[in-house]
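In what follows, a structure is listed as structure tokens, so that the remarks can point back to it.
Remember, it's a predicted structure, so these values are computed and weren't measured experimentally.
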Amino acid sequence: MEQIQPSPALTFRVSYSLSEYLSIVRDHVPDALASYEAEQGKPLTRNPGLLKLLLVPMLCIGFAIKKLQMPVCSFLIDADGIRRTTRLGTLEVPWADVVAVHRYTRGYLIRKTGGAMPLPYRCLTSADQQLLESFIEAWRLERDASSAAAA
């Protein structure tokens, strides 16, 4: 009788640091601005210097609020999706709801409708990263196949 093997899953816990959070967000800002400008056909602001000046203080405040609400996040990532558990509850994001995956200096940023989840590299062994990359590749192939079918 053949045994059914459980699907591989990646599990880890993270308590984000301000420096890695700022690093991931700073890396993401150019992508986010370019995406916004492409969608809207106009720049977000006429004064990008002011935006850069305000960005870090706004991010620090946002980080402090998030850190109070969710000091530790536990992740379970498998072929079905991403589950993040905090003291506020569990957020389940099927891969079909992932909008984009970005690889930045200090971690992945998994974008979903209405937000994103940073996944710091420091929380992942090389085997974990390989497994995560296999889930990302399966997501990308499915997304591309769905886009081709819709065209």
Side-chain angles (χ1 to χ4, degrees), residues 1-41 44 51 55-151:
M1 178 175 234
E2 185 180 335
Q3 279 190 311
I4 298 175
Q5 295 296 319
S7 298
L10 170 62
T11 60
F12 61 95
R13 292 170 49 93
V14 61
S15 177
Y16 297 102
S17 73
L18 178 60
S19 65
E20 80 191 346
Y21 178 80
L22 289 175
S23 173
I24 290 171
V25 173
R26 279 188 188 130
D27 287 351
H28 183 63
V29 165
D31 290 344
L33 288 175
S35 177
Y36 175 87
E37 290 174 359
E39 289 173 12
Q40 300 300 314
L44 176 64
L51 181 64
L55 185 62
V56 171
M58 290 183 331
L59 290 172
C60 288
I61 292 168
F63 178 80
I65 292 168
K66 269 234 194 265
K67 191 77 169 166
L68 286 172
Q69 293 175 332
M70 303 185 296
V72 177
C73 298
S74 296
F75 285 91
L76 186 142
I77 304 171
D78 61 17
D80 295 326
I82 302 164
R83 279 167 292 297
R84 181 189 70 199
T85 302
T86 69
R87 69 179 185 185
L88 299 177
T90 299
L91 171 68
E92 295 190 26
V93 181
W95 283 105
D97 292 349
V98 170
V99 174
V101 176
H102 302 277
R103 293 165 187 86
Y104 293 128
T105 307
R106 295 188 62 184
Y108 294 91
L109 187 66
I110 309 293
R111 275 197 14 225
K112 60 184 182 58
T113 304
M117 292 179 283
L119 306 176
Y121 296 138
R122 69 176 166 87
C123 297
L124 306 170
T125 66
S126 74
D128 292 340
Q129 256 188 297
Q130 287 178 341
L131 182 56
L132 181 56
E133 285 292 338
S134 72
F135 295 141
I136 292 169
E137 180 64 11
W139 162 79
R140 188 190 63 74
L141 290 170
E142 180 62 31
R143 180 199 62 190
D144 292 351
S146 295
S147 296

Begin from the C-alpha positions of Arg84 and Met117 and carry the test side-chain contact (heavy atoms from CB on, under 4.5 Å) through to its verdict.
CA-CA 9 Å; Arg84 181 189 70 199; Met117 292 179 283; 3.8 Å; yes

Show your working on side-chain contact (heavy atoms from CB on, under 4.5 Å) between Asp80 and Trp95 and close with a plain yes or no.
CA-CA 6 Å; Asp80 295 326; Trp95 283 105; 5.7 Å; no

Between His102 and Tyr108, does a side-chain contact (heavy atoms from CB on, under 4.5 Å) hold up when you go through it step by step?
CA-CA 6 Å; His102 302 277; Tyr108 294 91; over 6 Å; no

Would you sort out whether Ser23 and Thr105 count as a side chain to side chain donor-acceptor pair (under 3.5 Å), showing the intermediate values?
CA-CA 7 Å; Ser23 173; Thr105 307; 4.9 Å; no

Between Thr86 and Val72, does the side-chain contact (heavy atoms from CB on, under 4.5 Å) criterion hold? Intermediate values first, please.
CA-CA 6 Å; Thr86 69; Val72 177; over 6 Å; no

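Here the side chains of Ser19 and Arg106 are in contact, with some heavy-atom distance below 4.5 Å. Using a 4.5 Å heavy-atom cutoff, the side chains of Asp128 and Gln130 are not in contact. Leu18 is listed as a side-chain neighbour of Cys60, based on a closest heavy-atom distance under 4.5 Å. Counting heavy atoms from C-beta on, the side chains of Leu132 and Leu124 come closer than 4.5 Å. Counting heavy atoms from C-beta outward, Asp31 and Tyr104 have side chains that approach closer than 4.5 Å.
Between the side chains of Arg122 and Ser17, no donor-acceptor pair is found at a separation under 3.5 Å. Ser147 and Asp144 share no side-chain donor-acceptor pair at under 3.5 Å.
A salt bridge is defined here as a Lys NZ or Arg NE, NH1 or NH2 lying under 4.0 Å from an Asp or Glu carboxylate O, and Arg83 with Asp78 meets this definition. In this structure, Arg103 pairs ionically with Glu133, as a charged nitrogen and a carboxylate oxygen lie closer than 4.0 Å.
The minimum heavy-atom distance between Met70 and Leu88, with the atom names listed, is CG-CD1, 3.8 Å. Across all their heavy atoms, Pro118 and Ala116 have their closest contact at CD-O, 4.0 Å. Here the closest heavy-atom approach between residue Leu59 and residue Tyr21 is recorded as O-CE2, 3.9 Å. Of all heavy-atom pairs spanning Ser15 and Pro71, the tightest one is OG-O, 3.3 Å. Between Ile77 and Phe135 the shortest heavy-atom distance is O-CE1, 3.5 Å. Taking both residues in full, the closest heavy atoms of Cys73 and Tyr16 are given as SG-CE1, 3.9 Å, listed atom of the first, atom of the second, then distance.
Shown are Ile82, Thr125, Leu131; of these, the side chain to side chain contact (heavy atoms under 4.5 Å, CB included) with Leu10 is made only by Leu131.
For residues 69-93, every residue pair satisfying the ring-ring contact (aromatic ring centres under 6.0 Å, His included) rule, not counting sequence neighbours, is listed here: Phe12-Phe75.
Atom OG1 of Thr85 sits about 8.0 Å away from atom CG of Leu76, to the nearest 0.5 Å.
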